[in-house]
Engineer: 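I am attaching a structure below and will ask some questions about it afterwards.
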Amino acid sequence: MLVSSTRTRTSNPRARALLAGLLTAGLALGSAAPAFAQTETPAAAAPAAAPQTNPSAVTAPNAEGTVDVAKLMAPQALPDIVIGKADAPVTIIEYASMTCSHCRDFHSESYPKIKADYLDTGKAKLILREFPFDPRALGAFMLARCAGDDKRTAMVDVLFDQQREWAGAENASAALLKIAQLAGMTQDQFAACLKDTELQGKVVAVQAAGQNDFGVSATPTFFVNGDKYSGALSADEMAAVIEKHL
């Protein structure tokens with residue numbers, strides 16, 4: 001039986017934080033935070049955060065092959081959404097399916113640590129591309145795109161975080177609607193998004209390019225500066241791979 005999204009937000013701090021991020025990003029109406037007065041005394045600089053990863057603790061996995069980076073970075077049927085600084089020296093392309101449990105595990109366990117140590121520090125950037133394996137994954141990706149380019153990353157995070165609530169639900173549409181409504185989407189907008197055949201075709205085209213041009217056959221599959229790695233790498237393994245390219 002579907003666990004209500006209210007219960008999920010109460011019991012899962014990560015889900016609460018992700019949904020709060022969607023709301024403050026502007027997907028739902030909210031009051032603006034008051035500006036600080038100019039006479040406020042500046043706060044002392046916070047100490048540098050402790051590293052979240054330890055790449056020296058593991059041996060970097062061997063790449064399964066290399067693809068043409070220029071071709072990999074060529075425009076896709078849907079625009080790439082970059083997480084991190086656009087000029088970061090290391091580029092991570094991830095092909096994922098929204099119903100893939102290994103993709104969920106990477107995003108819940110490894111991604112936050114990689115983001116803290118590499119994406120937020122300008123050392124690497126990550127681009128997630130759609131590779132849906134089933135209609136539910138396709139619909140979830142479409143909803144994330146309908147949220148808007150500036151909200152898509154947060155929506156993907158929420159969908160991965162609550163994957164168990166909607167991916168295996170008897171009525172996936174109802175479960176996804178609850179998430180979309182929490183993100184500020186109306187029922188009419190939700191229905192229109194899932195009926196958008198042009199958007200559906202573009203998501204499928206991104207998947208087809210990954211499969212036909214770069215040999216993606218499983219999720220998650222990562223390309224780090226063109227080197228191919230399959231499977232949900234641990235945070236330390238991904239860090240070790242990134243360090244090889246710095």
Side-chain angles (χ1 to χ4, degrees), residues 12-27 33 36 42-64 66-67 69-70 72-74 76 79-96 102-130 144 147-161 219-246:
N12 190 325
R14 176 172 163 79
R16 292 201 304 270
L18 292 171
L19 288 169
L22 280 170
L23 296 176
T24 55
L27 272 176
F36 289 107
Q52 300 294 301
T53 60
N54 184 11
S56 63
V58 299
T59 300
N62 294 323
E64 300 171 15
T66 302
V67 301
V69 173
L72 182 67
M73 298 305 296
Q76 302 291 300
D80 284 334
I81 307 299
V82 176
I83 305 171
K85 295 183 179 180
D87 60 353
V90 177
T91 300
I92 306 165
I93 302 288
E94 176 189 2
Y95 283 90
H102 297 296
C103 302
R104 178 200 66 215
D105 292 344
F106 174 80
H107 276 266
S108 65
E109 298 168 13
S110 299
Y111 167 70
K113 298 176 182 179
I114 294 300
K115 183 176 185 298
D117 285 359
Y118 294 98
L119 308 185
D120 293 346
T121 58
K123 296 178 180 179
K125 61 180 177 287
L126 184 145
I127 295 167
L128 185 145
R129 289 181 181 166
E130 292 90 344
D149 288 353
D150 58 335
K151 317 298 191 307
R152 187 253 193 168
T153 297
M155 188 69 167
V156 166
D157 286 346
V158 173
L159 287 164
F160 270 135
D161 198 73
T219 58
T221 293
F222 301 93
F223 294 92
V224 182
N225 282 6
D227 289 347
K228 181 181 178 182
Y229 302 87
S230 297
L233 302 182
S234 71
D236 289 347
E237 288 174 329
M238 179 59 81
V241 170
I242 293 171
E243 291 290 340
K244 289 173 58 177
H245 293 277
L246 289 174

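These numbers were taken from a predicted model, which means no experiment stands behind them.
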Engineer: Closest heavy-atom contact between Tyr229 and Pro61?
Structural biologist: CE2-O, 3.2 Å
Engineer: Starting at CD1 of Ile114, measure out to OG of Ser234 and round the result to the nearest 0.5 Å.
Structural biologist: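 Between atom CD1 of Ile114 and atom OG of Ser234 there are 8.0 Å.
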Engineer: By side chain to side chain donor-acceptor pair (under 3.5 Å), which residues pair with Glu64, not counting sequence neighbours?
Structural biologist: Ser230
Engineer: If I take atom CZ from residue Arg152 and atom CD from residue Glu130, how far apart are they, to the nearest 0.5 angstrom?
Structural biologist: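 With rounding to 0.5 Å, CZ (Arg152) is 4.5 Å from CD (Glu130).
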Engineer: Listed by chain and number, what are the ring-ring contact (aromatic ring centres under 6.0 Å, His included) partners of Phe106, not counting sequence neighbours?
Structural biologist: Phe222
Engineer: Looking at residues at least two apart in the chain, or sitting in another chain, which of them share a salt bridge (charged side-chain N to carboxylate O under 4.0 Å, His left out) with Arg104?
Structural biologist: none
Engineer: Measure the OG1-CG distance between Thr66 and Asn225 for me, rounded to the nearest 0.5 Å.
Structural biologist: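 If we round to the nearest 0.5 Å, Thr66:OG1 and Asn225:CG are 10.0 Å apart.
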Engineer: Between Ile92 and Ile242, what is the shortest heavy-atom contact and its length?
Structural biologist: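 Closest approach of Ile92 to Ile242, heavy atoms only: CD1-CD1, 3.8 Å.
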Engineer: Please lay out, stage by stage, how Met238 and Val224 fare under the test side-chain contact (heavy atoms from CB on, under 4.5 Å).
Structural biologist: CA-CA 9 Å; Met238 179 59 81; Val224 182; 4.2 Å; yes
Engineer: Taking the side chain as C-beta and beyond, is there a heavy-atom pair between Thr219 and His102 under 4.5 Å?
Structural biologist: no
Engineer: Excluding sequence neighbours, so at least two apart, what forms side chain to side chain donor-acceptor pair (under 3.5 Å) with His245?
Structural biologist: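 His245 satisfies side chain to side chain donor-acceptor pair (under 3.5 Å) with Asp227 once adjacent residues are dropped.
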Engineer: Run the side chain to side chain contact (heavy atoms under 4.5 Å, CB included) test against Ala235 and tell me which residues pass, sequence neighbours left out.
Structural biologist: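 Listed in chain order: Thr53, Ser110, Lys113.
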Engineer: Which donor-acceptor pairs under 3.5 Å do side chains of residues 120-129 form with protein atoms, sequence neighbours excluded?
Structural biologist:
{"residue": "Asp120", "atom": "OD1", "partner": "Lys115", "partner atom": "NZ", "Å": "3.0"}
{"residue": "Asp120", "atom": "OD2", "partner": "Lys115", "partner atom": "NZ", "Å": "3.3"}
{"residue": "Thr121", "atom": "OG1", "partner": "Asp117", "partner atom": "O", "Å": "2.7"}
{"residue": "Thr121", "atom": "OG1", "partner": "Tyr118", "partner atom": "O", "Å": "3.2"}
{"residue": "Lys125", "atom": "NZ", "partner": "Ala86", "partner atom": "O", "Å": "3.2"}
{"residue": "Lys125", "atom": "NZ", "partner": "Ala88", "partner atom": "O", "Å": "3.2"}
{"residue": "Lys125", "atom": "NZ", "partner": "Thr91", "partner atom": "OG1", "Å": "2.8"}
{"residue": "Arg129", "atom": "NE", "partner": "Asp80", "partner atom": "OD1", "Å": "3.0"}
{"residue": "Arg129", "atom": "NH1", "partner": "Leu72", "partner atom": "O", "Å": "3.0"}
{"residue": "Arg129", "atom": "NH1", "partner": "Tyr95", "partner atom": "OH", "Å": "3.0"}
{"residue": "Arg129", "atom": "NH2", "partner": "Leu72", "partner atom": "O", "Å": "2.8"}
{"residue": "Arg129", "atom": "NH2", "partner": "Asp80", "partner atom": "OD2", "Å": "2.8"}

Engineer: List the residues meeting side chain to side chain contact (heavy atoms under 4.5 Å, CB included) with Lys85, not counting sequence neighbours, and say none if there are none.
Structural biologist: Asp87
Engineer: State whether the side chain of Glu109 and the backbone N or O of His107 hold a donor-acceptor pair below 3.5 Å, judged by distance alone.
Structural biologist: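 Absent.
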Engineer: Give me the atom names and distance for the closest heavy-atom approach of Ala96 to Glu94.
Structural biologist: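 Looking at all heavy atoms of both residues, the closest pair is CB-OE2, 3.6 Å.
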Engineer: Which residues pass the side chain to side chain contact (heavy atoms under 4.5 Å, CB included) test with Ala57, sequence neighbours left out?
Structural biologist: Asn54, Asp236
Engineer: Minimum heavy-atom separation for Cys103 to Pro220, with atom names?
Structural biologist: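 Where Cys103 meets Pro220 most closely, the heavy atoms are SG-N, 3.5 Å.
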